[in-house]
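To start, the structure itself, in structure tokens.
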Amino acid sequence: MNREIRVALAGIGNCSSSLVQGIQHYSEKNSTTIGIRRPKVAGYLAQDIKFVAAFDVDKRKVGKDLSEAIFVEPNNVRKIAEPAKLGEKVAMAQPLDGLSPVAGAKIQISDSKPSNLPRVLRDARAEILVNLTPTGASKASEMYAEAALQSGCALINATPAKIASNRKWQLKYRKKTLPLAGDDVMDQIGSTILHKSLLSFLVKRGLHLDETYQLDIGGGTESQIALDKNRYEIKRRVKTAAVAAAVPYKFPIVAGSSDFVDFMENRRTSYFWIRGEYFAEIGFTMDIRLSLEDGPSCAGALVDTIRMVRVAMDRGLGGPLNAVSAYGFKAPPQEMSTEEAESELDSFLQSTKRR
């Protein structure tokens with residue numbers, strides 16, 4: 001069996017940069033799996049991922065080899081590896097709604113003619129397209145979803161746009177027998193997965209939760225986009241719903257970005273506060289702070305998801321991948337607890353059943 005997984009990236013920002021660098025890192029250090037949650041996914045390794053196409057709209061990235069474009073401003077993620085030239089130049093795409101009124105000043109739109117996206121994907125023999133466009137870019141996300149369909153690619157929607165959770169797109173991908181995973185990637189370690197896991201743990205220990213909030217401050221483009229009120233509301237709804245799904249009853253929850261600090265660059269700090277009651281209705285409060293870098297955390301989640309989607313392709317599966325989506329995304333087509341998602345995913349990966 002050919003172990004190569006041919007991947008195209010839409011949006012060459014900090015997450016794409018960390019992903020490309022990370023694959024180079026693990027390719028150079030074949031003996032280490034530190035930082036990879038699932039070292040093998042049905043036999044696939046992280047270094048089996050090969051990047052064969054890329055799309056962006058910034059003139060500083062378009063036309064450059066992907067290995068160079070990942071380090072171009074406004075990207076500011078930590079440098080962890082120096083990928084050799086990949087031989088794949090970043091293609092121009094239609095900007096559509098990919099520019100935020102707040103963060104748009106950081107992007108310098110290329111005057112290059114937009115590429116025929118399906119043709120680029122077909123010529124590259126891409127198997128999986130990963131959509132990493134900014135929050136609020138719903139039209140751009142749908143453009144990439146359609147391009148993947150036309151070219152015969154599976155789609156991973158790492159953005160909050162409703163693609164994997166939209167019945168229209170589910171039916172289209174099922175009809176074409178192409179896997180679909182999303183929506184809105186849940187970082188390997190991040191505020192949402194930590195908040196969800198902590199609340200679930202407390203409920204299982206018999207505590208009652210009264211109130212909680214999660215506030216994020218960062219210097220990346222996504223944090224700056226959160227200053228745009230309309231786009232902020234999109235992200236806040238998704239994050240709040242994801243956290244709320246961990247508790248079997250309703251109670252006050254606030255989850256979302258609260259401010260942008262330019263000099264933090266790709267770093268983010270998250271603050272958590274929880275109030276509740278334990279034995280004999282005695283009250284407690286909990287304060288936690290988490291500091292990390294966004295790009296590597298996003299890439300760490302996608303390394304697993306990409307390989308899982310390839311497994312689904314090997315088995316001839318099409319349409320939404322519920323277990324994969326619940327495992328790796330904040331707004332999956334079907335909500336599951338962390339434990340349920342892990343169990344369903346293990347069953348999926350251990351099965352040899354084809355459609």
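As a basis for the values below, the full set of heavy atoms in this structure was taken, side chains included, without hydrogen atoms, waters or symmetry mates. Bear in mind that the values here come from a model prediction, so they are computed numbers and not experimental data.
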Are [Y] and [X] linked, directly or through intermediate hydrophobic residues, by side-chain heavy-atom contacts shorter than 4.5 Å (ILVMFWY only)?
X: Leu292; Y: Leu194; result: yes
X: Leu202; Y: Val254; result: no
X: Val311; Y: Leu345; result: yes
X: Met186; Y: Val238; result: no
X: Phe272; Y: Ile193; result: no

So, the side chain of [X] versus the backbone of [Y]: is there a donor-acceptor pair under 3.5 Å, distance only?
X: Tyr249; Y: His208; answer: no
X: Ser347; Y: Ser343; answer: yes
X: Asn266; Y: Asn76; answer: no
X: Arg307; Y: Arg38; answer: yes
X: Ser151; Y: Arg122; answer: no
X: Gln188; Y: Gly35; answer: yes
X: Gln170; Y: Ala164; answer: yes
X: Asn157; Y: Gly182; answer: no
X: Arg60; Y: Val72; answer: no

What distance do [X] atom [atom1] and [Y] atom [atom2] have between them, rounded to the nearest 0.5 Å?
X: Asn14; Y: Ile70; atom1: CG; atom2: CD1; result: 10.5 Å
X: Leu9; Y: Ile306; atom1: CG; atom2: CD1; result: 7.0 Å
X: Lys330; Y: Arg237; atom1: NZ; atom2: CZ; result: 14.5 Å
X: Ser200; Y: His195; atom1: OG; atom2: NE2; result: 12.0 Å
X: Ser138; Y: Leu96; atom1: OG; atom2: CG; result: 11.0 Å
X: Ile282; Y: Leu207; atom1: CD1; atom2: CG; result: 11.5 Å

**OP:** Please determine which of Thr285, Ile288, Leu198 meets the side-chain contact (heavy atoms from CB on, under 4.5 Å) test together with Ile274.
**Re:**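 Going through the options one by one, the only one that passes is Leu198.
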Quick test of your reading of the model: are [X] and [Y] salt-bridged, counting only N-O distances below 4.0 Å?
X: Glu68; Y: Lys85; value: yes
X: Arg268; Y: Asp294; value: yes
X: Arg236; Y: Asp216; value: no

Within the supplied structure, the quantity of interest is the number of heavy atoms (other residues, nucleotides, ligands) at a distance under 6.0 Å from [X] [atom1]; does it exceed 12?
X: Phe279; atom1: CZ; result: no
X: Lys175; atom1: NZ; result: no
X: Glu339; atom1: CD; result: yes
X: Lys89; atom1: NZ; result: no

Original post:
Do you know which two heavy atoms are closest between Val77 and Gly295, and how far apart they sit?
Top reply: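 Heavy-atom minimum between the residues: CG2-CA, 4.2 Å.
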Subject >> Where Gly136 and Asp97 come nearest, the two heavy atoms and their spacing >> reply: O-OD2, 3.4 Å
Subject >> Pair Asn75, Ser17: side-chain N/O donor-acceptor within cut-off below 3.5 Å >> reply: no
**OP:** Decide whether Lys239 and Thr192 meet the rule of one side-chain donor and one side-chain acceptor closer than 3.5 Å.
**Re:**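 Present: a donor and an acceptor within the cut-off.
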**OP:** Please say whether the positively charged group of Arg275, taken as NZ for Lys or CZ for Arg, lies over the ring of Phe251, i.e. under 6.0 angstrom from the six-membered ring centre and within 45 degrees of the axis.
**Re:** no
Original post:
Should the ring pair Phe55 and Tyr144 be called parallel, tilted or perpendicular, given that the plane angle runs from 0 to 90° and is split at 30 and 60?
Top reply: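 Answer is tilted, since the angle falls between 30° and 60°.
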